[in-house]
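What follows is a single structure, written as structure tokens, with notes after it.
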Amino acid sequence: MIYQKLAKIQAAVKGLTKDTKAYSYKYVDGNKCLASIRPLMVEYGLLLMPEVREISTKEVTYKVWNDKAKSLVDKTEVLVTIKMQMTWVDSEDGEMLRQEWAGTGMNDFDKGFGSALTYGERYYLLKFFHIPTDKDDVDFLATTRDAALEQAQDKKGCVFRPLDEESYWKIVRAYVEGRKAKSGNDYRTDYQAITNAGQAEMAKFDHDVENVRLAMSAGAR
């Protein structure tokens with residue numbers, strides 16, 4: 001019965017629209033996601049029990065603009081990664097469905113864990129029920145990355161944050177393909193702006209660009 005009930009919930013959820021604005025992009029509010037699904041869970045007698053199986057933390061330091069000091073200063077946050085087990089329980093017959101999941105969050109020292117739990121649960125429900133958020137996926141990289149690049153151009157809101165590996169290579173490929181960011185700049189210029197990359201970092205970027213060009217040329221032959 002549990003699979004039939006989950007299928008009914010998926011069929012009942014029409015889709016969520018991005019509704020909460022952060023900087024220049026929108027994302028689905030976690031409360032709206034839960035508010036749409038929870039009544040259906042109650043109706044069909046389903047419980048969702050999240051369990052944290054493993055936690056890892058890493059301090060990340062990056063530059064932020066300080067209005068009072070009129071300069072860039074160091075800011076340190078904690079990146080928290082959790083491995084989770086999500087268990088659906090049918091309250092009528094006790095049938096269970098278990099799935100492995102994960103969540104990440106970066107925030108102040110006392111908030112990173114909560115952020116990881118919040119994002120982990122939100123994205124699990126969105127992905128499990130295949131909920132469309134509009135023409136773009138909720139965590140579509142280009143949208144959020146362009147927003148961060150735009151933010152880096154704002155002197156008062158300037159934030160230089162490290163890029164994760166996947167985001168870095170997507171920017172390299174975008175530059176190789178000659179695409180422009182929303183700022184109108186090429187991705188090499190905006191990469192340097194958002195990360196405050198120095199000479200060594202830009203040399204590595206250019207080296208990686210050439211390797212991607214060679215790989216794409218080889219693939220085209």
For Lys8, the salt bridge (charged side-chain N to carboxylate O under 4.0 Å, His left out) test, sequence neighbours excluded, returns none

What pairs with Ser115 under side-chain hydrogen bond (donor to acceptor under 3.5 Å, both in side chains), at least two apart in sequence or on another chain? Asn107

Looking at Lys170, Arg213, Lys180, which hits side chain to side chain contact (heavy atoms under 4.5 Å, CB included) with Tyr175? Arg213

Shared hydrophobic cluster for Leu97 and Leu126 (ILVMFWY, side-chain gaps under 4.5 Å): yes

Nearest heavy-atom neighbours spanning Pro39 and Ala35: CD-O, 3.0 Å

Kindly give the cluster partners of Met1, where membership spreads through any ILVMFWY side chain lying under 4.5 Å from a current member. none

Just to verify, what does Lys111 make a salt bridge (charged side-chain N to carboxylate O under 4.0 Å, His left out) with, not counting sequence neighbours? none

Other residues, nucleotides, ligands: >12 heavy atoms within 6.0 Å of Gln4 CD: yes

Atom NZ of residue position Lys204 - does it have more than 12 heavy atoms of other residues, nucleotides or ligands inside 6.0 Å? yes

Salt bridge (charged side-chain N to carboxylate O under 4.0 Å, His left out) partners for Asp206, two or more places apart: Arg188

Of all the heavy-atom pairs spanning Pro50 and Met84, show the shortest one and how long it is. CB-CE, 4.1 Å

Atom pair CG/CG of Asp190 and Asn185 - distance to nearest 0.5 Å: 4.5 Å

With Gln85 via side-chain hydrogen bond (donor to acceptor under 3.5 Å, both in side chains) - residues at least two apart: Arg53

Side chain Thr104, main chain Val80, donor-acceptor under 3.5 Å: no

Quick one: does Leu46's side chain get under 4.5 Å of Ile9's, heavy atoms only? yes

Less than 4.5 Å apart, any side-chain heavy atom of Val60 and any of Val78? no

Determine whether Asp208 and Trp169 make a side-chain contact, defined as any pair of heavy atoms from C-beta on separated by less than 4.5 Å. yes

Taking C-beta and beyond as the side chain, do Leu6 and Tyr44 meet within less than 4.5 Å on heavy atoms? no

Contact check, side chains of Val172 and Tyr187, non-hydrogen atoms, under 4.5 Å: no

Has the side chain of Glu121 got a donor or acceptor atom that lies under 3.5 Å from a matching backbone atom of Thr118? no

Members sharing Met96's hydrophobic cluster (side chains within less than 4.5 Å): Leu47, Met49, Val89

First locate atom CE of Met106, then atom OG1 of Thr81, and finally report the distance between them rounded to the nearest 0.5 Å. 11.0 Å

Only counting residues at least two apart or in another chain, list the ones meeting side-chain hydrogen bond (donor to acceptor under 3.5 Å, both in side chains) with Trp101. none

Applying ring-ring contact (aromatic ring centres under 6.0 Å, His included), name anything that partners Phe128, two or more places apart in sequence or on another chain. Trp88, Tyr124

For Lys75, what residues pass the side chain to side chain contact (heavy atoms under 4.5 Å, CB included) criterion, not counting sequence neighbours? Tyr62, Val64, Glu77, Asp108

Are any of the side-chain heavy atoms of Asp186 and Thr189 separated by less than 4.5 Å? yes

For Ser56, which residues count as a side-chain hydrogen bond (donor to acceptor under 3.5 Å, both in side chains) partner, sequence neighbours excluded? none

Met41 and Tyr3: same hydrophobic cluster, using ILVMFWY side-chain contacts below 4.5 Å? yes

Can you list every pair that meets salt bridge (Lys or Arg N to Asp or Glu O under 4.0 Å) and has a residue in residues 91-107, with sequence neighbours left out? Lys5-Glu92

If you define the side chain from C-beta out and look only at heavy atoms, does anything of Leu48 sit under 4.5 Å from Ile37? no

